[in-house]
Amino acid sequence: MSVIVPIPSPRPEEKTQPQKPPAPYKPGRMPGQETTCRRALTKLGVSFSDRPSISEAAGCAIPHPLVITRLSRKIALQPEATLNCATALALARFFSEEVPPLARRHLKQPVAAVRHASAYVCRSRRGLQKLSEHAFGNAFDIAAFTLADGTQLDVARQPSPKSGRARFLKAFRTAACGPFKTVLGPGSNADHANHFHLDLQKRRNNSLYCK
């Protein structure tokens with residue numbers, strides 16, 4: 001006599017647990033490192049305003065977010081960007097100290113504005129369940145630079161690798177590796193073919209990932 005073995009019912013999909021967000025921001029209780037960071041931004045000429053703490057169910061969070069409208073006294077930001085203060089300060093220092101001489105050398109004129117593609121966004125990394133650094137205001141994507149004469153330099157492979165535009169983009173990418181822990185751009189992979197991704201993700205031994 002044959003024995004009929006029942007077909008087991010399929011297991012329900014396992015749900016990933018959301019990452020625990022930081023404690024919510026309480027007005028008047030800002031940590032000293034946050035106030036110090038804001039004073040540094042002010043000295044660099046960054047235009048910013050504070051916003052209420054961000055804490056979403058998926059785990060995305062910024063305890064003390066800022067909205068930035070200028071990266072320095074001379075460089076505007078389009079559109080405004082929500083970031084944490086550490087990332088905003090790294091950007092401000094880089095655009096105040098490193099970018100101007102690179103622009104003079106390779107473009108013969110200053111950068112007047114930066115157009116970004118992404119700052120704070122509550123999302124996971126593409127194809128992964130782990131949250132993106134964007135989910136913590138810890139990453140910034142640059143799509144284009146506007147030069148002093150009004151022309152736009154898109155972040156993309158340039159027709160001539162020896163042109164001033166191509167040299168500037170290459171020099172920018174090289175200089176960003178160090179101030180930022182992750183630097184990705186055209187040629188890294190298909191997801192970064194049209195922008196520079198910069199973030200402050202901490203890694204073991206303070207290592208860098210620049211590609």
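- Looking at Gln152 and Asp154, their side chains come closer than 4.5 Å, going by heavy atoms from C-beta outward.
- Put simply, the side chain of Phe180 reaches to within 4.5 Å of the side chain of Leu91, judged on heavy atoms.
- Although no hydrogens or angles enter the test, the distance criterion places no donor-acceptor pair under 3.5 Å between the side chain of Arg70 and the main chain of Gly45.
- The minimum heavy-atom distance linking Gly59 with Leu131 is given by the pair C-CD1, 3.7 Å.
- Under the 3.5 Å distance criterion, the side-chain polar atoms of His192 are left unmatched by any main-chain donor or acceptor of Gly187.
- A chain of hydrophobic side-chain contacts below 4.5 Å, direct or via other Ile, Leu, Val, Met, Phe, Trp or Tyr residues, connects Leu200 to Val114.
- Following chains of ILVMFWY side-chain contacts shorter than 4.5 Å, one can reach Val99 starting from Leu147, so the two form part of one hydrophobic cluster.
- Residue Ala58 comes nearest to Cys122 through the heavy atom pair CB-SG, 4.1 Å, listed as atom of the first residue, atom of the second, then distance.
- Evaluation of the side-chain contact (heavy atoms from CB on, under 4.5 Å) rule for Arg39 yields Thr35, Thr36 as partners, not counting sequence neighbours.
- Arg73 and Thr42 get closest at one heavy-atom pair: NH2-O, 4.0 Å.
- In this structure, the side chains of Arg167 and Arg105 stay at 4.5 Å or more apart for every pair of heavy atoms.
- Among residues two or more places apart in sequence or in another chain, the side-chain contact (heavy atoms from CB on, under 4.5 Å) test is passed with Gln33 by Pro31.
- How far CG of Leu169 is from OG of Ser163: 8.0 Å, rounded to the nearest 0.5 Å.
- You'll find the side chain of Arg38 reaches within 4.5 Å of the side chain of Cys85, heavy atoms only.
- The hydrophobic cluster containing Val67 does not contain Leu71, counting ILVMFWY residues as joined when their side-chain heavy atoms lie under 4.5 angstrom apart, directly or transitively.
- Ile75 CD1 to Ser96 OG: the interatomic distance, rounded to the nearest 0.5 Å, is 7.0 Å.
- Scanning all heavy atoms of the two residues, the minimum distance from Leu41 to Ala92 falls at CD2-CB, 4.0 Å.
- Checked by atom type and distance alone, the side chain of Asn84 pairs as donor or acceptor with a backbone atom of Ala86 at under 3.5 Å.
- The heavy-atom pair separating Ala119 from Leu83 by the smallest distance is CB-CD2, 3.8 Å.
- Annotation: side chain of Phe140 is in contact with side chain of His116 (closest heavy-atom distance under 4.5 Å).
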Subject >> Verdict with supporting geometry, Val155 and Phe145, side-chain contact (heavy atoms from CB on, under 4.5 Å) >> reply: CA-CA 8 Å; Val155 177; Phe145 303 90; 3.9 Å; yes
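- Under the 4.5 Å side-chain contact rule for hydrophobic residues, Phe48 and Ile62 do not share a cluster.
- Contact check for Phe196 versus Leu184: no side-chain heavy atoms found under the 4.5 Å cut-off.
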Original post:
After noting the C-alpha distance and the side-chain angles of Asn138 and Lys202, does the key distance pass the side-chain contact (heavy atoms from CB on, under 4.5 Å) rule?
Top reply: CA-CA 10 Å; Asn138 208 33; Lys202 293 181 180 179; over 6 Å; no
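- Here Ser132 pairs with Arg123, Arg125, His134 under the side-chain contact (heavy atoms from CB on, under 4.5 Å) rule; sequence neighbours left out.
- Within the model, atoms CD of Gln109 and CG of Asp149 stand 3.5 Å from one another, a figure rounded to the nearest 0.5 Å.
- For Tyr120 and Phe136, the distance between ring centers is not under 6.0 angstrom.
- Separation of atoms CG (Leu198) and SG (Cys210) is listed at 9.5 Å; rounding is to 0.5 Å.
- Side chains of Arg203 and Thr182: a donor-acceptor N/O pair is present below 3.5 angstrom, by distance only.
- Minimum interatomic distance between Thr69 and Glu80 (heavy atoms only, all atoms of both residues): CG2-CB, 3.9 Å.
- Taking the centre of each ring, Phe94 and Phe172 come in below the 6.0 Å mark.
- For Arg173 and Ser188, the side-chain atoms include at least one donor-acceptor pair closer than 3.5 Å.
- When side chains are defined from C-beta on, Val46 does not count as touching Leu89, because their heavy atoms never get closer than 4.5 Å.
- Judged purely by distance below 3.5 Å, without hydrogens or angles, the side chains of His197 and Asp141 pair a donor atom with an acceptor atom.
- Within the 4.5 Å cutoff, no side-chain heavy atoms of Arg93 are placed close to those of Glu98.
- Note that the CG atom of Leu107 and the CG atom of Leu153 stand 6.5 Å from one another [nearest 0.5 Å].
- Checking side-chain atoms of Thr87 against main-chain N and O of Gly137 turns up a donor-acceptor pair under 3.5 Å.
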Original post:
Ser49 and Arg51: side chain to side chain donor-acceptor pair (under 3.5 Å), yes or no, with the steps?
Top reply: CA-CA 7 Å; Ser49 56; Arg51 289 293 188 270; 2.7 Å; yes
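- In this structure, the separation between NE2 on His64 and CG on Asp50 is 9.5 Å, given to the nearest 0.5 Å.
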